[in-house]
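Chain letters run A, B, ... following the sequence lines, proteins first, then strands; residues in each count from 1. Basis for what follows: all heavy atoms, side chains included, without hydrogens, waters or symmetry-related copies.
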Amino acid sequence: MSFINYASREINCKIVYYGPGLCGKTTNLQFVYQKTAPDAKGKMISLATETERTLFFDFLPLALGEIRGFKTRFHLYTVPGQVFYDASRKLILKGVDGVVFVADSQEERLDANIESMENLKVNLEEQGYELEKLPFVIQYNKQDLPNCSPLEELRELLNPNNVLEFTACAQTGEGVFETLKAVAKLILLELKKGGAGA
Amino acid sequence: MLHPQQTSFVMYDEEFQRISVVIEKLLRESNAKVIFLVDKNGQLIAGCGETEHLDTTSLASLTAGNIAATGGLAKLIGEKEFSILFHEGEKDNIHISIVAQRVILVVIFDHRSSLGLVRLRVKKASEELAKIFQDLAVKTAEMEKTGNADSPFAEITDDDIDNLFS
Ligand SMILES: Nc1nc2c(ncn2[C@@H]2O[C@H](COP(=O)(O)OP(=O)(O)OP(=O)(O)O)[C@@H](O)[C@H]2O)c(=O)[nH]1
Ligand SMILES: [Mg+2]
């Protein structure tokens with residue numbers, strides 16, 4: 001749920017990176033953090049296990065600039081991808097304005113991707129959201145690895161509705177900003193459609 | 001049920017001023033160091049006190065995460081929510097409470113105050129804040145109904161959006 005503040009002339013939106021364990025959600029945020037000018041970002045917070053698996057969430061606030069005199073801020077969150085952290089994932093989805101699904105393109109992770117996508121839908125529905133109505137993009141990550149499924153197969157299984165999709169290598173940053181821009185743009189277009197209180 | 005994805009949380013000048021008055025009074029009367037109000041989704045609504053050297057954006061996000069996690073715990077044991085959280089540090093303490101079921105009121109205080117005093121003052125301030133958020137909800141609904149919402153985004157262009165990323 002976006003927050004429009006007429007008093008401070010700010011608008012805040014929440015973007016959630018979803019996807020199976022180790023697909024590269026945290027790496028996406030780390031790259032955005034590294035490449036963003038200091039005055040445009042806040043601290044990146046990672047609530048992680050000792051082995052750097054996300055335990056609760058990563059959080060990165062970005063200030064993108066102004067639209068019509070309103071400071072536009074995006075709050076980026078990742079969920080923990082490991083199956084047993086489902087309760088935490090539900091909490092992080094609350095108030096979401098846009099979702100990025102990060103898929104792990106490796107063949108052996110195909111089932112994990114499908115399972116995570118199903119889980120996303122179920123968790124959204126539980127809170128009265130429909131994935132089809134949300135700003136939503138898909139990223140096929142880890143394209144640098146040799147054991148990737150063919151794109152057509154990933155598409156067929158993960159993107160039946162033909163939402164915007166991007167190939168990426170989050171480790172080098174390829175595709176990371178393209179993905180972020182696309183979902184941010186969809187969110188702003190949604191705001192334009194909805195009006196202030198709608 | 002209201003579709004959450006179709007609702008923005010809107011804050012207007014008038015209510016923002018009223019909120020500021022209440023939290024500044026609370027700051028004085030409770031001898032607190034810092035007070036801030038956070039939306040349950042982690043957005044900072046307002047703050048006062050010694051906030052300069054504080055990362056309020058991070059604080060807001062972690063506070064909301066904290067409330068969300070304890071709320072999850074509450075449900076698991078059959079409670080609706082835990083309406084008050086208290087964390088005691090060596091120097092500073094944090095008192096977190098939920099106002100009107102949707103905003104989080106955070107009070108940071110040290111030895112110049114006490115848990116008892118903070119609790120007492122928070123209770124009174126919460127009632128005042130609840131009234132303001134009630135008014136805000138009514139106002140937002142009215143604006144929506146009369147089509148008077150006057151969204152700053154109604155007329156944005158693709159160029160405006162692209163410029164954000166240049
Ligand atoms: N080869 C390759 N490795 C990647 C890429 N993106 C991420 N990784 C690696 O994959 C591992 C897991 O990445 P994370 O970003 O921590 O994964 P995550 O999705 O946050 O995982 P959880 O927090 O458990 O949900 C790390 O070792 C990354 O360096 C990529 O594009 N290519
Ligand atoms: Mg992670």
Trainee: Which answer fits B/L76, side chain, backbone, both or neither, if we ask what part of it has an atom under 4.5 Å from a heavy atom of chain A?
Mentor: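 B/L76 has no heavy atom closer than 4.5 Å to chain A.
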
Trainee: Does A/I4 belong to the same Ile/Leu/Val/Met/Phe/Trp/Tyr cluster as A/L186, with side-chain heavy atoms less than 4.5 Å apart forming each link?
Mentor: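 Yes, it is one cluster - the side chains of A/I4 and A/L186 are joined through contacts under 4.5 Å.
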
Trainee: Is B/A64 in contact with chain A via its backbone, its side chain, both, or neither, using a 4.5 Å heavy-atom distance?
Mentor: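 Neither part.
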
Trainee: Hey, are the side chains of A/F59 and B/L62 touching, using non-hydrogen atoms and a 4.5 Å cut-off?
Mentor: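 Of all side-chain heavy-atom pairs linking B/L62 with A/F59, none is under 4.5 Å.
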
Trainee: CD of A/E108: more than 12 outside heavy atoms within 6.0 angstrom?
Mentor: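 Count over threshold, so yes.
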
Trainee: Could you give the distance from CG (B/N66) to CZ (A/F56), rounded to the nearest 0.5 Å?
Mentor: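 These two atoms lie 8.0 Å from each other.
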
Trainee: I need the residue from A/I92, A/I11, A/L124 with the largest number of non-hydrogen atom pairs under 4.5 Å to chain B.
Mentor: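 Most heavy-atom pairs under 4.5 Å with chain B: A/I11.
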
Trainee: With only heavy atoms counted, which part of A/E10 is less than 4.5 Å from chain B, the side chain, the backbone, both or neither?
Mentor: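 For A/E10, there is no contact with chain B at all, as no heavy atom is under 4.5 Å.
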
Trainee: Once you round to the nearest 0.5 Å, how far does CG of A/L91 lie from CD1 of B/I67?
Mentor: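 Interatomic distance, A/L91 CG to B/I67 CD1, rounded to 0.5 Å: 11.5 Å.
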
Trainee: Is A/F70 in contact with chain B via its backbone, its side chain, both, or neither, using a 4.5 Å heavy-atom distance?
Mentor: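 A/F70 touches chain B through side-chain heavy atoms alone.
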
Trainee: Which distance, rounded to the nearest 0.5 Å, do you find between the CG of A/L64 and the CG of B/N163?
Mentor: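 Reported value, rounded in 0.5 Å steps: 12.0 Å.
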
Trainee: Surrounding CZ of B/R119 (heavy atoms of other residues, nucleotides or ligands, distance under 6.0 Å), is the total greater than 12?
Mentor: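 For B/R119, atom CZ is not crowded (no more than 12 foreign heavy atoms under 6.0 Å).
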
Trainee: Evaluate A/N12 against B/F9 for side-chain contact (heavy atoms from CB on, under 4.5 Å), listing each step before the verdict.
Mentor: CA-CA 10 Å; A/N12 289 324; B/F9 177 36; over 6 Å; no

Trainee: Indicate the atoms forming the closest heavy-atom contact of A/Y6 with B/V10, along with that distance.
Mentor: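 Distance-wise, the nearest heavy atoms are CE1-CG1, 3.4 Å.
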
Trainee: Quick check on A/F177 against chain B: is it the side chain, the backbone, both or neither that has a heavy atom closer than 4.5 Å?
Mentor: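 Neither part.
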
Trainee: State whether the number of non-hydrogen atoms from other residues, nucleotides or ligands found under 6.0 Å of B/Q101 atom CD is greater than 12.
Mentor: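 Open.
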
Trainee: With respect to chain A, which residue among B/S61, B/A68, B/A69 yields the maximal number of heavy-atom pairs within a distance under 4.5 Å?
Mentor: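 Most heavy-atom pairs within the cutoff with chain A belong to B/S61.
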
Trainee: Around B/E52, counting heavy atoms of other residues, nucleotides and ligands shown, do more than 12 lie under 6.0 Å from its CD?
Mentor: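 Atom CD in B/E52 is packed in, count exceeds 12.
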
Trainee: If you count heavy-atom pairs under 4.5 Å between each of B/G71, B/G72, B/G65 and chain A, which one has the most?
Mentor: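 Highest number of heavy-atom pairs under 4.5 Å: B/G65.
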
Trainee: When hydrophobic residues are tied together by side-chain contacts of less than 4.5 Å, even through go-betweens, does A/L47 share a cluster with A/Y77?
Mentor: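 The answer is yes; both residues are in one hydrophobic cluster.
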
Trainee: Flag yes if B/V38 and B/V103 sit in one hydrophobic cluster, no otherwise; membership is Ile, Leu, Val, Met, Phe, Trp, Tyr, and two members link when side-chain heavy atoms are under 4.5 Å apart.
Mentor: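 They do not share one cluster, since no chain of ILVMFWY contacts under 4.5 Å joins B/V38 to B/V103.
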
Trainee: Could you state whether B/L164 and A/L191 fall into the same hydrophobic cluster, counting links through intermediate Ile, Leu, Val, Met, Phe, Trp or Tyr residues with side-chain heavy atoms under 4.5 angstrom apart?
Mentor: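 Linked, B/L164 and A/L191 end up in one cluster.
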
Trainee: For the pair B/D160 and A/L188, evaluate side-chain contact (heavy atoms from CB on, under 4.5 Å) and give the outcome as yes or no after the intermediate values.
Mentor: CA-CA 10 Å; B/D160 285 335; A/L188 293 171; over 6 Å; no

Trainee: Relative to chain A, which of B/E14, B/E15, B/Q43 shows the most heavy atom pairs under 4.5 Å?
Mentor: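 Going by pairs under 4.5 Å, I would pick B/Q43.
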
Trainee: So which heavy atom on A/K43 is nearest to which on B/S58, and how close?
Mentor: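 Closest pair (atom of A/K43, atom of B/S58, distance): CB-OG, 3.9 Å.
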
Trainee: Quick one: does B/D158's side chain get under 4.5 Å of A/L189's, heavy atoms only?
Mentor: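 Yes - at least one pair of side-chain heavy atoms lies under 4.5 Å apart.
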
Trainee: Grab the two heavy atoms, one from B/N41 and one from A/K94, that are nearest each other, plus how far apart they are.
Mentor: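 Looking at all heavy atoms of both residues, the shortest contact is OD1-O, 3.6 Å.
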
Trainee: Verify the cluster assignment for A/F3 and B/I104: are they in a single hydrophobic cluster under the rule of side-chain heavy atoms below 4.5 Å apart?
Mentor: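 As far as the 4.5 Å side-chain criterion goes, B/I104 and A/F3 are not connected within one cluster.
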
Trainee: Which region of B/D55, side chain (C-beta onward) or backbone (N, CA, C, O), has a non-hydrogen atom less than 4.5 Å from a non-hydrogen atom of chain A, or is it both or neither?
Mentor: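 The side chain, not the backbone.
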
Trainee: Report the distance from atom CD1 of A/I45 to atom OG1 of B/T57, rounding to the nearest 0.5 Å.
Mentor: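 With rounding to 0.5 Å, CD1 (A/I45) is 9.0 Å from OG1 (B/T57).
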
